[in-house]
Amino acid sequence: MKIASFKTRVVSVPVKYPVVSCVRKSGQIVFVLLDVTTDEGMTGVSYAQAFHLHGAQAIRSCLSHLESVLTGEDPRNIHGLWHKMLEAIKLLGHQGLPMFAVSMVDIALWDLLGKTTGLPVCRLLGGEPGTFEAYQSDGLWLVSPAEAAAQAEAFAASGFRSMKMRLGRAKEEEDLSAVCEIRRAIGEEIELMGDVNQGWTAEKAQAMGKRLAPYNLAWIEEPVEAENMKTHRTLSASLPIPVATGENLYGVRSFHRFLEESAADLYTPDLQRTGGISGWKQINVLLEQYGKPSGIHLFPEYAVHLFPLIRHPLKLEWMSWAGALFKEPLQCVDGCVRTPDLPGFGFEWDEAAVTAFEVNK
């Protein structure tokens, strides 16, 4: 079996709750889709966020480069091909969009291996399908306190016992009002997290962390710039609320540095920045050795296969953005998600939907 070709497409999918955060405003999510096909006609698929069309074009260019590197290779040699891809992007760097492309190919190769063996990816990795509690992450962006409270109440009514809101409004009092209104709507029994999306200074994070303490937040995520390890370490040691990070850390070494410095309490690796499943496996071992709780940032279709391997799991982040692209989307029922016991990751493109959402054809 040999890798024969890559196929890439760009889609823009509308979302129910427009993204409004410190770093982003959008009513559409731009994805790059990848199909890796072999000379025997088998195909592995994956997707990644591109954030905008310019990013999508750059990712496709990187994927074209990797296609030239991997064509003719045995797709089952995932470990060897992962290192070959890292070598191929060395001059471009092991961060940013080149790593997105590596991650996408790696994920597609794991999907392909599952399909050729008839096994779900979680079994290939040594786990087994399970049911995992999820936290709602679709909404609760930087909207008015009243709108945030109404969304939170609806999420709780649909069965979620955990949800994440965004912080980082222009005025501290607006953030505090939003937290207060959400707590009033959902009560004290439902778990609530806050994600700042790197929007605060060190001084503001210190002040807000103390002011938010009475609202019983499970964690504050990325309170400052993601690469600011020193401040994350200081906040983790001093705030009354656990500090989470990880979605904007690239590769294994970044996590190793943060773990060595005790720079965060919780970690949420992002699979398009880790180097895919192969990179995540190494990060997961580190997190287990350091005894740190962890989850996966977004990508529930992949995450539900990885959670059986996490020693100290957080709840799974539920985000429905990509669901419209699949024939049988992953479902979250009463706040829980079940691993599909199907070959690979267990999903196929809904080609009619992909065509409808496709851009830059």
Side-chain angles (χ1 to χ4, degrees), residues 1-9 31-48 59-60 62-88 99-130 271-272 274-285 296 299-310 322-323 325-330 337-351 353-354:
M1 182 185 296
K2 304 296 181 183
I3 294 173
S5 64
F6 287 8
K7 177 181 178 181
T8 63
R9 290 172 286 182
F31 295 109
V32 178
L33 313 184
L34 172 65
D35 294 30
V36 176
T37 301
T38 72
D39 58 354
E40 297 179 5
M42 298 291 292
T43 299
V45 302
S46 68
Y47 74 96
I59 293 169
R60 292 182 85 178
C62 291
L63 287 169
S64 179
H65 171 54
L66 293 177
E67 179 182 21
S68 70
V69 171
L70 298 189
T71 296
E73 295 280 0
D74 188 330
R76 295 165 293 192
N77 180 24
I78 296 177
H79 179 76
L81 298 186
W82 189 74
H83 285 284
K84 186 169 186 175
M85 287 191 289
L86 290 181
E87 186 68 24
M99 187 60 90
F100 281 30
V102 169
S103 299
M104 290 183 70
V105 176
D106 181 81
I107 292 168
L109 292 180
W110 280 99
D111 185 54
L112 180 59
L113 182 61
K115 289 173 178 174
T116 58
T117 60
L119 295 173
V121 170
C122 65
R123 293 195 187 279
L124 295 176
L125 296 171
E128 61 179 33
L271 295 172
Q272 65 186 29
T274 61
I277 307 304
S278 296
W280 173 85
K281 286 173 60 185
Q282 299 173 58
I283 292 165
N284 188 50
V285 170
I296 303 291
F299 301 108
E301 294 83 8
Y302 309 145
V304 76
H305 284 267
L306 305 186
F307 263 68
L309 283 299
I310 300 175
L325 300 171
F326 308 130
K327 284 184 178 178
E328 296 183 9
L330 189 67
V337 182
R338 173 75 183 173
T339 314
D341 196 2
L342 297 168
F345 287 105
F347 64 83
E348 296 180 52
W349 304 128
D350 180 336
E351 290 296 340
V354 170

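Between atom OH of residue Tyr302 and atom CD1 of residue Ile107 there is a gap of 4.5 Å, rounded to the nearest 0.5 Å. One distance of note links CD1 of Ile78 with CG of Leu124; it measures 7.5 Å at 0.5 Å rounding. Rounded to the nearest 0.5 angstrom, His305 NE2 and Asp111 CG are separated by 8.5 Å.
Residues Ser278 and Asp106 bring a donor and an acceptor atom of their side chains to less than 3.5 Å of each other. A donor and an acceptor atom, one from each side chain of Trp110 and Ser46, are nowhere located under 3.5 Å apart. A donor-acceptor contact closer than 3.5 angstrom is absent between the side chains of Gln272 and Tyr47.
In this structure the side chain of Leu342 never reaches within 4.5 angstrom of the side chain of Phe347, judged on heavy atoms. Counting only heavy atoms from C-beta outward, the side chains of Arg76 and Leu109 never approach each other to under 4.5 Å. By the 4.5 Å heavy-atom criterion applied to side chains, Lys7 and Leu34 are not counted as neighbours. Side-chain contact check for Ile277 versus Phe345: some heavy-atom pair is nearer than 4.5 Å. Two residues are said to be in side-chain contact when any heavy atoms from C-beta on lie closer than 4.5 Å; Val36 and Thr43 fail this criterion.
Results of the side chain to side chain contact (heavy atoms under 4.5 Å, CB included) test with Phe6 over Asp35, Leu66, Thr37, Thr71 single out Leu66 as the only residue that passes.
Under the 4.0 Å criterion applied to side-chain N and carboxylate O atoms, Glu351 and Arg9 are assigned as salt-bridge partners.
Using a 30° and 60° split on the angle between ring planes, His79 and His83 fall in the perpendicular class, above 60°.
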Open item on the list: Checking Ile310 against Asn284 for the side chain to side chain contact (heavy atoms under 4.5 Å, CB included) test, could you report, in this order, the C-alpha distance in whole Å, the side-chain angles of both residues, the deciding distance, and whether it holds?
Closed with: CA-CA 7 Å; Ile310 300 175; Asn284 188 50; 3.9 Å; yes
